[in-house]
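Data first, discussion second: the structure below is written as structure tokens.
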Protein chains: 2
Amino acid sequence: MSTSLHHRAVEHLGSRIVGGALPTGHVMLAEQLESELRVSRSVVREAVRVLQSLGLVETIKRVGIRVLPAHRWNPYDPLVIRWRLAGEGRGAQLRSLAELRSAVEPAAAELAALNAPQELREELVRISLAMRDAGRAGEMPLFLELDIRFHALLLSGSGNEMFANLIGQVAETLTGRTVHGLMPDHPKEAALQWHIDVARAIADGDGEKAREASSNIMREAIADLSPSWEDQPRVFVPVERKQS
Amino acid sequence: MSTSLHHRAVEHLGSRIVGGALPTGHVMLAEQLESELRVSRSVVREAVRVLQSLGLVETIKRVGIRVLPAHRWNPYDPLVIRWRLAGEGRGAQLRSLAELRSAVEPAAAELAALNAPQELREELVRISLAMRDAGRAGEMPLFLELDIRFHALLLSGSGNEMFANLIGQVAETLTGRTVHGLMPDHPKEAALQWHIDVARAIADGDGEKAREASSNIMREAIADLSPSWEDQPRVFVPVERKQS
DNA sequence: TGACACCGATGTGTGCTGACATCAAAACTC
DNA sequence: GAGTTTTGATGTCAGCACACATCGGTGTCA
């Protein structure tokens, strides 16, 4: 009950659209939403405006509020990602995130090796060693926490704010991997060593080596996670001929 | 005058925040914005809600509307990107986009080689050959159009909607490179060949080769563009200890 | 006399409502 | 079939009541 009406309205509509309950092209009327959500016009209108900025709906005069096709949604918005992870798009969303992460992290590692501040490099080494200890001891909750922090520091250390912004999504996938039992009781020894390799390469300013070691981690992560999106069909969004 | 008041309000506030005219921590009052923008409360409130969803501001009772630090902004939102490109963050934004693209496109090429529909592969080959002809003939407007379409198809063909969503940004950087004179009169012969290599590798389903060739294109693109962000300082966003 | 807890005034976002403006789809007229 | 009118939806405005965090004054206690 602590959440505002606005927040609830956005949540309700957004999750139903992304979850597929409101199909593409479905038209709603503002008045109808008022009675459905039991809120006033202002709340509905402000919620619709937010959903509009996320690319989930468009408003057309004399027609109403229309649900836009999925390829118009902003796939990088935290709300959209959360709704997809909660609904039937979960598998496809996990795959997208994993592939994005696989592409970005090696690049981030290379940039971190070239640019990261000294203190960050040192902490990265410390954490990679702590991960090894926690991993060997089978202390998985601690390991997860260190793992998240390791990758957060790595992305942050790249000095690229678009990379750094993926921290939340990466934490989500790491947590999900543990929670959904896709993680062995003990992390593989090779994975622990790769983390140390990444950290040491960054500390040494060796971009090439950092990227290589990070790629190994990513390959392993994809292999661990891929069962969760088996048989998810890929969608190929159309390419428009003109840009605005 | 065709744009709505809402649109104008979002634009006005967003560009001033991202452009740096309204510094982090700056507090505004809704009432003050009404008179400043000469619009009613509804418009101000709906605009603020949108900016809130982009992470640009937060609203606090009894205090007002506060500008959030840049690392809270959603760096993937098209509006935020546009405002950054228009303002003083232009250099840093171009670098971020170029680095992201360099990370993503080789991965997208590899995925496209494994997953893209047949027709898309064929069009990719056709376009790469047309690019070579247009490039050798020095028909730069046509070359730019083909270049954009090539990379759009590549990203789309990956079957990853997060990759595909970068089409707009990539088009932006390609256009910018040409407009700002960072492009030679004739594209380098090697670059033309790399595009053909990428297309052929995708057509042959050779993911490894597609990624390699794409990496070459990216290295070249970074080299062309890097003058535009010389001396731009990198920012390292803090890593929070806890996640919500 | 001073320190501290309490409590009400104040100001600001949140939410509600009625009215009018605007504009494009749909119906109508010629 | 082309042009015009009607209609119905969003867009915009203005006023009000409410919730609640902050501030400052008041009272109590040491």
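A note on names: the letters A, B, ... follow the listed sequences, proteins ahead of strands, and every chain is numbered from 1. Because only heavy atoms are used, hydrogens play no part in the values below, and waters and symmetry mates are left out as well, while side chains stay in.
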Flag if over 12 foreign heavy atoms under 6.0 Å of CD, B:Glu122
yes
Between D:dC23, D:dT12, C:dA25, which one does the side chain of A:Val63 approach most closely?
C:dA25
Integer-rounded Å distance: C:dG11 P and B:Ile60 CD1
19 Å
Should the pair B:His195 and B:His151 be assigned to parallel (<30°), tilted (30 to 60°) or perpendicular (>60°) ring geometry?
perpendicular
With heavy atoms under 4.0 Å as the rule, sort A:Thr59 into base, sugar-phosphate or nothing.
sugar-phosphate
How many whole angstroms separate atom NZ of B:Lys61 from atom C1' of C:dG15?
10 Å
At less than 4.0 Å, is any side-chain N or O atom of A:Arg45 found next to OP1 or OP2 of D:dG11? Yes or no.
yes
Given atom CG of B:Leu33 and atom P of C:dT12, what is their separation to the nearest angstrom?
13 Å
Using whole Å, what does the distance between atom P of nucleotide D:dG15 and atom CD of B:Glu31 come to?
12 Å
Of the nucleotides C:dC16, D:dA14, D:dC23, which one has an atom closest to the side chain of B:Arg62?
D:dC23
Rounded distance (Å) that lies between atom P of C:dC23 and atom NE2 of B:His6
17 Å
Atom-pair distance (NE2 on B:His7; P on D:dT12), nearest Å:
12 Å
Can a donor-acceptor pair under 3.5 Å be found between the side-chain atoms of A:Arg41 and the base atoms of C:dG15?
no
Residue whose nearest DNA chain C nucleotide is more 5′ - B:Ile65 or A:Arg38:
B:Ile65
Rounded distance in Å - CD (B:Glu46) to P (C:dC16):
14 Å
Under 4.0 Å between any heavy atoms, over every strand shown, what does B:Arg66 touch: base, sugar-phosphate, or nothing? Just pick one.
nothing
Is B:Asp147 salt-bridged to B:Arg177, going by a charged N under 4.0 Å from an acidic O?
yes
So with a 6.0 Å cut-off around CD of A:Glu172, is the heavy-atom count from everything else above 12?
no
Residues passing the side chain to side chain contact (heavy atoms under 4.5 Å, CB included) test with B:Arg16, sequence neighbours excluded, are B:His12, B:Ala21, B:Leu22, B:Glu36
note: B:Leu5, atom CG; D:dA14, atom C1'; distance rounded to Å ~ 15 Å
